[in-house]
S.K.: 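I have a structure I would like to understand better, so I am pasting it below and will then ask my questions one at a time.
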Protein chains: 2
Amino acid sequence: MRTIKDVAQEAEVSVATVSRVLNSSGYVNEDTRKKVLDAIKKLDYRPNAVARSLFKKQSKTIALIVPNITNPFFPEVARAIEDVMSSKEYTLILCNSDDQEEKENKYFEVMKQKYVDGVIIVTSTLTPKHIEKNGIPIVAVDRFIDKDIPYVSVDNVEGARKAVRYLQSTGCQKIAHIRGPENLLNAEQRFQGYRLELQNKHLFNEDLVVNGNFNFTTTTEVTKQLLKKHPDIDGIFAGNDYMAVSVVKAALALGKRVPEDLSVIGFDGINLAKLTNPEITTIAQPIYQIGYKAAELLLDLIDGKPIDTYNHELKVTLSVGQTTKQMR
Amino acid sequence: MRTIKDVAQEAEVSVATVSRVLNSSGYVNEDTRKKVLDAIKKLDYRPNAVARSLFKKQSKTIALIVPNITNPFFPEVARAIEDVMSSKEYTLILCNSDDQEEKENKYFEVMKQKYVDGVIIVTSTLTPKHIEKNGIPIVAVDRFIDKDIPYVSVDNVEGARKAVRYLQSTGCQKIAHIRGPENLLNAEQRFQGYRLELQNKHLFNEDLVVNGNFNFTTTTEVTKQLLKKHPDIDGIFAGNDYMAVSVVKAALALGKRVPEDLSVIGFDGINLAKLTNPEITTIAQPIYQIGYKAAELLLDLIDGKPIDTYNHELKVTLSVGQTTKQMR
DNA sequence: CTGAAAGCGCTAACAC
DNA sequence: GTGTTAGCGCTTTCAG
């Protein structure tokens with residue numbers, strides 16, 4: 001690869017001048033500018049990004065840390081982020097943390113060594129303290145970290161209430177909830193939403209809440225037990241789509257008809273939800289937009305632009321599938 | 001962040017010595033080595049990866065270029081690659097090409113500017129010529145590029161034959177094929193496998209092959225038409241799982257029972273296949289292993305190790321679900 | 001065994 | 001307007 005020196009020689013100017021036209025900084029005569037441009041074209045010169053990074057202490061690179069890219073929610077987020085980043089000449093590094101703090105920290109270490117400009121992270125283990133000491137711009141997605149850290153997600157409480165209300169509007173009388181992991185704020189909020197909505201009507205019964213842990217097999221198990229114990233349950237709000245699919249399977253295995261005997265609604269709106277048979281009714285998050293917004297916020301942070309709002313809770317929408325009855 | 005100079009001062013040695021202990025290169029007295037190590041610990045020093053890259057002309061970074069990370073096949077590949085890469089202190093850059101040559105080339109441009117050490121790519125547009133001029137180590141995944149470029153995938157022809165044979169073994173007499181895009185070698189090979197297997201028994205009939213383009217909606221349409229025209233079709237081999245799901249939907253929509261009236265088998269073995277109702281029977285690729293192997297090969301390439309085999313076609317396995325009948 | 005110094009390719013003062 | 005030069009932080013000859 002050619003260097004700025006080669007260009008300078010070819011154009012018969014100094015490297016400083018070449019640098020100036022490269023960065024359109026400082027004054028440079030139109031004619032010499034042309035000479036330089038010609039030389040660049042002739043030599044097919046491309047500036048060396050690493051040398052530039054060394055000087056500027058920034059790399060035009062950002063990182064995305066997710067628990068596991070294999071989880072269907074994240075690829076769409078990643079795609080959105082990569083879309084806005086590549087349009088701004090940024091490069092995206094992908095990291096899988098498996099929800100382990102140790103791995104997250106290790107990634108941060110590398111990020112600093114590589115002058116990575118910022119990171120978008122989905123985490124429930126990292127605290128503001130960890131992050132502060134890294135001194136690297138951060139945006140949180142899906143899981144809240146701190147008031148000072150831009151956060152993009154949805155209103156889980158309201159989404160959950162919406163789910164419950166919809167089940168009721170289709171005639172469900174006894175609505176159970178398969179919740180996600182205890183330590184996940186997300187899952188907790190969805191549970192709270194479920195509870196609130198039912199408590200308001202004096203219908204809440206904690207026996208109807210079981211933990212599926214966002215896990216397929218576990219969910220199948222606990223759902224079967226629940227339905228055997230309470231055969232009159234006629235609606236289930238699952239903490240996410242993945243579990244909703246599992247719930248449907250469990251119900252069918254027990255000989256229940258969905259939605260005639262049992263209605264099921266999920267949360268997330270991953271593509272999977274529309275591929276199953278029957279298609280899952282769900283509270284859909286605007287997943288792509290979440291990633292998009294997060295990327296924009298990070299860019300603002302990097303550019304030192306003021307952030308007017310730190311908390312971005314985008315709107316969920318009801319996506320009606322075939323696991324719920326027609327509204328009455 | 002501290003620099004090597006700080007460490008040198010703290011340890012009262014030269015930067016050269018520090019560099020030597022950092023890289024365990026050259027001779028360095030055990031005592032001074034200890035002094036340096038102490039200084040490093042005391043200052044919590046981490047070498048600057050960018051400065052190192054500038055000198056070494058390599059970045060401990062590799063790139064993965066896929067058509068779209070949102071396609072359920074790729075996250076698992078990405079995960080595998082990231083696993084081996086991060087274990088070797090490499091960082092993974094993620095790129096979405098949307099199968100556009102222009103985007104691929106743009107990514108390569110950036111890779112060179114950033115001294116990216118190698119790339120793993122899924123492409124059907126890039127030719128050896130493009131790649132050669134980039135002079136950057138490459139491994140092809142899922143889609144073959146050239147004999148000189150390490151390639152990891154499965155034997156699509158054999159996999160397809162296996163699919164057809166299995167349908168026959170469960171009693172299917174009239175087997176149709178919903179194929180993938182014409183310009184995709186993959187899809188072509190699967191079609192060839194299907195044809196070969198049937199031709200051997202003089203059962204091939206080109207009227208039973210339609211193009212679903214790896215697209216959900218298209219597949220639903222063409223499948224319905226096909227089944228209306230040939231109501232006696234009792235088995236369908238779909239070119240991938242995604243289309244298989246669509247085929248099942250189409251069949252059910254026409255009032256056919258799966259698998260009683262119509263058996264369906266897919267190809268790929270993405271997780272999705274086991275989440276649908278009924279679960280899709282499929283020819284499963286060892287997706288994670290494919291990514292893993294590709295990563296290992298790229299590392300060898302980067303390290304200048306000799307590659308003994310360029311063509312890696314891993315074994316597919318039959319994954320029996322509920323869209324096919326019991327074997328007789 | 002260790003240090004001085006050149007240089008990786010680029011940018012930004014600072015002169016002229 | 002343009003050139004000279006001192007770094008950015010690191011590695012590696014080359015002396016000693």
Side-chain angles (χ1 to χ4, degrees), chain A residues 1-40 43-61 89 109-117 135, chain B residues 1-40 43-61 89 109-117 135:
Chain A
M1 265 183 53
R2 335 254 23 182
T3 75
I4 199 173
K5 228 170 160 181
D6 298 325
V7 177
Q9 244 156 36
E10 177 71 29
E12 298 176 301
V13 296
S14 75
V15 296
T17 303
V18 178
S19 176
R20 281 190 195 101
V21 346
L22 245 32
N23 302 286
S24 358
S25 62
Y27 294 84
V28 39
N29 182 33
E30 191 51 31
D31 286 350
T32 71
R33 213 178 76 88
K34 282 223 174 70
K35 269 203 302 185
V36 172
L37 257 20
D38 284 350
I40 288 176
L43 300 181
D44 192 31
Y45 165 78
R46 302 265 189 289
N48 182 315
V50 176
R52 198 173 261 175
S53 289
L54 180 58
F55 184 89
K56 296 249 205 172
K57 297 186 191 310
Q58 51 165 36
S59 59
K60 282 285 190 178
T61 299
E89 317 280 86
E109 220 46 78
V110 178
M111 303 296 112
K112 277 191 291 184
Q113 297 184 213
K114 295 201 176 181
Y115 284 153
V116 167
D117 301 327
Chain B
M1 266 183 50
R2 336 269 358 201
T3 75
I4 199 174
K5 227 171 161 180
D6 299 326
V7 177
Q9 245 156 33
E10 177 71 29
E12 297 175 303
V13 296
S14 75
V15 295
T17 302
V18 178
S19 175
R20 281 190 195 100
V21 346
L22 245 33
N23 302 285
S24 358
S25 62
Y27 295 85
V28 38
N29 181 35
E30 191 50 32
D31 285 351
T32 69
R33 212 179 77 88
K34 283 226 173 67
K35 270 202 301 184
V36 172
L37 258 19
D38 283 351
I40 289 177
L43 300 182
D44 191 34
Y45 166 77
R46 301 267 189 290
N48 182 317
V50 176
R52 197 172 260 177
S53 289
L54 181 57
F55 184 89
K56 297 246 203 175
K57 297 188 191 308
Q58 50 165 36
S59 59
K60 282 284 189 179
T61 300
E89 318 279 86
E109 220 46 78
V110 179
M111 302 299 112
K112 279 190 291 185
Q113 297 183 215
K114 295 201 176 179
Y115 283 154
V116 167
D117 301 327

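In what follows, every chain begins at residue 1, and chains take the letters A, B, ... in the order their sequences are listed.
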S.K.: Mind running a 4.0 Å heavy-atom check of residues 30-38 of chain A against DNA chain D and sending the residues that fall below it, in number order?
M.R.: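 A:T32 - these, ordered by number, are the residues of the stretch whose heavy atoms sit under 4.0 Å from the strand.
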
S.K.: Taking only residues two or more places apart in sequence, or in another chain, which ones meet B:S25 in a side-chain hydrogen bond (donor to acceptor under 3.5 Å, both in side chains)?
M.R.: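 Per chain and number, B:S25 pairs via side-chain hydrogen bond (donor to acceptor under 3.5 Å, both in side chains) with no residue.
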
S.K.: Show the atom names and distances, to 0.1 Å, of all donor-acceptor pairs under 3.5 Å that link a side chain in residues 29-38 of chain B to residues at least two apart or in another chain.
M.R.:
{"from": "B:E30", "atom 1": "OE1", "to": "B:R33", "atom 2": "NE", "distance (Å)": "3.4"}
{"from": "B:T32", "atom 1": "OG1", "to": "B:N29", "atom 2": "O", "distance (Å)": "3.0"}

S.K.: Can B:Y115 and B:T61 be said to form a side-chain contact (heavy atoms from CB on, under 4.5 Å), step by step?
M.R.: CA-CA 8 Å; B:Y115 283 154; B:T61 300; over 6 Å; no

S.K.: Would you say that B:K60 contacts A:V110 through its side chain, given a criterion of any heavy-atom pair below 4.5 Å between the two side chains?
M.R.: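 They are not in contact (no side-chain heavy atoms under 4.5 Å apart), so the answer is no.
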
S.K.: Nearest 0.5 Å, what's the CG-CZ distance between A:L43 and A:R2?
M.R.: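 Here the interatomic distance stands at 5.0 Å.
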
S.K.: Does the side chain of B:I4 come within less than 4.5 Å of B:Y45's, by heavy atoms?
M.R.: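 Yes; the side chains approach each other to less than 4.5 Å.
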
S.K.: Does anything in residues 49-57 of chain B come within less than 4.0 Å of DNA chain C? Heavy atoms only, and list the residues if so.
M.R.: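 Going residue by residue through residues 49-57 of chain B, the ones with a heavy atom under 4.0 Å of DNA chain C turn out to be B:L54, B:F55, B:K57.
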
S.K.: For the residue pair A:A11 and A:A39, what are the closest heavy atoms and their distance?
M.R.: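 Nearest pair, atom of A:A11 first, then A:A39: CB-CB, 3.8 Å.
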
S.K.: For B:R46, what residues pass the salt bridge (charged side-chain N to carboxylate O under 4.0 Å, His left out) criterion, not counting sequence neighbours?
M.R.: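 Expected list: A:E109, B:D44.
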
S.K.: Please walk me through it: do A:T3 and A:V15 pass side-chain contact (heavy atoms from CB on, under 4.5 Å)?
M.R.: CA-CA 10 Å; A:T3 75; A:V15 296; over 6 Å; no

S.K.: Between atom OG of B:S59 and atom CE of B:M111, what is the distance when rounded to the nearest 0.5 Å?
M.R.: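 B:S59 OG to B:M111 CE: 9.0 Å, rounded to 0.5 Å.
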
S.K.: Could you list where the contact with chain B starts and ends along DNA chain C, reading 5' to 3', using a 4.0 Å heavy-atom cut-off?
M.R.: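 That gives a stretch of C:dC1 to C:dG9.
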
S.K.: Report the distance from atom CG of B:N48 to atom P of D:dC10, rounded to the nearest whole Å.
M.R.: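 So the two atoms are 5 Å apart, to the nearest Å.
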
S.K.: Whole Å only: how far is the CD1 atom of A:I4 from the P atom of D:dT2?
M.R.: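 Checked: the CD1 to P distance equals 15 Å.
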
S.K.: Taking only residues two or more places apart in sequence or in another chain, which ones pass salt bridge (charged side-chain N to carboxylate O under 4.0 Å, His left out) with A:E12?
M.R.: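 Counting only residues at least two positions away or on another chain, A:E12 forms no salt bridge (charged side-chain N to carboxylate O under 4.0 Å, His left out).
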
S.K.: Specify the residues of residues 9-27 of chain B, ordered by number, for which at least one heavy atom lies under 4.0 angstrom from an atom of DNA chain D.
M.R.: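 B:A16, B:S19, B:R20, B:N23, in order of number.
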
S.K.: Among residues at least two apart in sequence or on other chains, which ones pass salt bridge (charged side-chain N to carboxylate O under 4.0 Å, His left out) with B:K5?
M.R.: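 For B:K5 there are no salt bridge (charged side-chain N to carboxylate O under 4.0 Å, His left out) partners, ignoring immediate neighbours.
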
S.K.: Note down the inter-axis angle between the two ends of the helix from C:dC1-D:dG16 to C:dC16-D:dG1, five pairs each, to the nearest 10°.
M.R.: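 For the helix from C:dC1-D:dG16 to C:dC16-D:dG1, the axes at either end differ by 50°.
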
S.K.: Going by heavy atoms in the side chains, are B:V18 and B:V13 under 4.5 Å from each other?
M.R.: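 The answer is yes; the side chains approach within 4.5 Å.
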
S.K.: Pairs of donor and acceptor atoms involving the side chains of residues 50-58 of chain B, under 3.5 Å and at least two apart or interchain, shall be tabulated with distances.
M.R.:
{"from": "B:S53", "atom 1": "OG", "to": "B:A49", "atom 2": "O", "distance (Å)": "3.0"}
{"from": "B:S53", "atom 1": "OG", "to": "B:Q58", "atom 2": "O", "distance (Å)": "3.0"}

S.K.: Looking at residues at least two apart in the chain, or sitting in another chain, which of them share a side-chain hydrogen bond (donor to acceptor under 3.5 Å, both in side chains) with A:D117?
M.R.: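 None.
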
